[in-house]
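Below is one structure, written out as structure tokens, with a few remarks after it.
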Amino acid sequence: MNTTAISASLTALTRYVYDKSNNVIADISLTDLYFKHLQASYLLSAMIISTIMQLFTFLFMSTYFSLADKINFQWNLIPTILPTMLFVSLVWTSFGFIIASLINNQDALSGCYSIINTLAGFFALVYFPLMTLPKFGQLIIKLTPTPYVSAIYRNILMHDTVNQAFKNTPLKIVNNFKDQININIGNFKTLSSQFLILIGFILLFIFIALIISLRQRKKLN
């Protein structure tokens, strides 16, 4: 769902670049609509689309594994998953807005998004444990929101299963297992700490987006 959130958020924001390159935003800015409200509408739309796509992926895959592999999925997790999806959408929409704000050409944006989507699976730690990478590689991945988002989803979806499987098992062994399947990311071993670092990324992305937005507003004026 992490990679779905990334691709859906970025794809939804292509409309913003399209409207910029065709002077639609410049025309709308001549009306009574505030520029910040116009940008907020693009962000909100991208968040909604990203959340819906995550939910669709979650329901589709859950249903498939329930029917094909007879896995009894815990549907009671949905009330926890839904706010998490919205939160994750905010992370990637704020990041995507920075990219979309800096690029005015659709072809350049398409190339940039292709690179990001290609790297998404790698940075989301879909294919390997983080601990198997060299220290520098681990550092690069940890400097992005991607591994923490994936860890949060794994933490929520596998919490009860891991607790049952490792009941009465020493904490060191449990943490070692969580390290191997990327539930733990470095020193961020709890759900709350992973959410906190993502809040930090959101604040950073919003701060950068505001600076870019102010510069663009001055150009329009």
Legend entry - CG (N76) with more than 12 external heavy atoms under 6.0 Å: yes
Legend entry - T169/F177 under side-chain contact (heavy atoms from CB on, under 4.5 Å): CA gap, chis, key distance, verdict: CA-CA 11 Å; T169 302; F177 173 76; over 6 Å; no
Inset, instruction - Answer yes or no: is there a side-chain heavy-atom contact under 4.5 Å between W92 and T146? - result: yes
Legend entry - For L86, all residues meeting side chain to side chain contact (heavy atoms under 4.5 Å, CB included), sequence neighbours excluded: M47, T51
Legend entry - Side chain to side chain, D179 and K189, heavy atoms closer than 4.5 Å: yes
Inset, instruction - For residues S9 and S89, report the shortest heavy-atom separation together with the two atoms involved. - result: OG-O, 4.1 Å
Inset, instruction - Would you please indicate yes or no on a ring centroid separation below 6.0 angstrom for F205 and F97? - result: no
Inset, instruction - Let me see the working for H159 and N163 under side chain to side chain donor-acceptor pair (under 3.5 Å), right down to the final yes or no. - result: CA-CA 6 Å; H159 180 266; N163 285 347; 3.2 Å; yes
Legend entry - Nearest heavy-atom neighbours spanning G96 and L13: C-CD1, 3.4 Å
Legend entry - Partner set under ring pair (Phe, Tyr, Trp, His ring centres under 6.0 Å) for Y18, not counting sequence neighbours: none
Legend entry - Atom pair CE (M61) and OG1 (T63), whose distance is rounded to the nearest 0.5 Å: 10.0 Å
Legend entry - Rounded distance (nearest 0.5 Å) linking atom CG of N184 with atom OG of S193: 8.5 Å
Legend entry - F207-I197 co-clustered via ILVMFWY side chain contacts under 4.5 Å: no
Inset, instruction - Apply the test ring pair (Phe, Tyr, Trp, His ring centres under 6.0 Å) to residues F95 and F201: give CA-CA distance (whole Å), side-chain angles for both, the deciding distance (0.1 Å), then the verdict. - result: CA-CA 9 Å; F95 169 76; F201 276 112; 9.5 Å; no
Legend entry - Test side-chain contact (heavy atoms from CB on, under 4.5 Å) applied to Q194 and L198, L191, L196, the passing residue: L191
Legend entry - Short side-chain to backbone donor-acceptor contact, T11 and A8, under 3.5 Å: no
Inset, instruction - Answer yes or no: is there a side-chain heavy-atom contact under 4.5 Å between T3 and S7? - result: no
Legend entry - hydrophobic_cluster_shared for F87 and L203, side chain cutoff 4.5 Å: yes
Distance-only donor-acceptor hits, side chain of residues 123-138, under 3.5 Å, sequence neighbours excluded:
from: T132; atom 1: OG1; to: P129; atom 2: O; distance (Å): 2.6
from: Q138; atom 1: NE2; to: L133; atom 2: O; distance (Å): 2.8

Inset, instruction - Return the minimal non-hydrogen interatomic distance between P83 and T80, and the atom names on each side. - result: CD-O, 3.4 Å
Inset, instruction - Examine L143 and I6 and state if one hydrophobic cluster contains both, with Ile, Leu, Val, Met, Phe, Trp and Tyr joined whenever side-chain heavy atoms are less than 4.5 Å apart. - result: no
Inset, instruction - Tell me, please, which residues at least two apart from Y153 pass ring pair (Phe, Tyr, Trp, His ring centres under 6.0 Å). - result: none
Legend entry - From CD1 (I185) to CD1 (I152), nearest 0.5 Å: 10.0 Å
Legend entry - Distance (rounded to the nearest 0.5 Å) between S50 OG and L55 CG: 11.0 Å
Legend entry - Minimum side-chain heavy-atom gap M158-I181 below 4.5 Å: yes
Legend entry - Gap separating the CD1 atom of I78 from the OG atom of S62, nearest 0.5 angstrom: 7.5 Å
Inset, instruction - Look up atom CG in L90 and atom CD1 in I202, then write down how far apart they are to the nearest 0.5 Å. - result: 4.0 Å
Inset, instruction - Please check if the side chain of Y148 supplies one atom and the backbone of K142 the other of a donor-acceptor pair under 3.5 Å. - result: yes
Inset, instruction - Using the rule that two of Ile, Leu, Val, Met, Phe, Trp, Tyr join whenever any of their side-chain heavy atoms come within less than 4.5 Å, decide whether L43 and I52 are in one cluster. - result: no
Legend entry - Modelled atom types, side-chain donor and acceptor of S150 and N2, under 3.5 Å: yes
Inset, instruction - With sequence neighbours left out, write down each residue that passes side chain to side chain contact (heavy atoms under 4.5 Å, CB included) with S41, or none if nothing qualifies. - result: L38
Inset, instruction - Check the hydrophobic clustering (I, L, V, M, F, W, Y; side-chain heavy atoms under 4.5 Å; chains of links allowed) and say if I199 and V91 are grouped together. - result: yes
Inset, instruction - Identify, with sequence neighbours excluded, every residue that meets side chain to side chain contact (heavy atoms under 4.5 Å, CB included) alongside I208. - result: I98, L204, I212
Inset, instruction - Indicate yes or no: at least one non-hydrogen side-chain atom of F58 is less than 4.5 angstrom from one of L82. - result: no
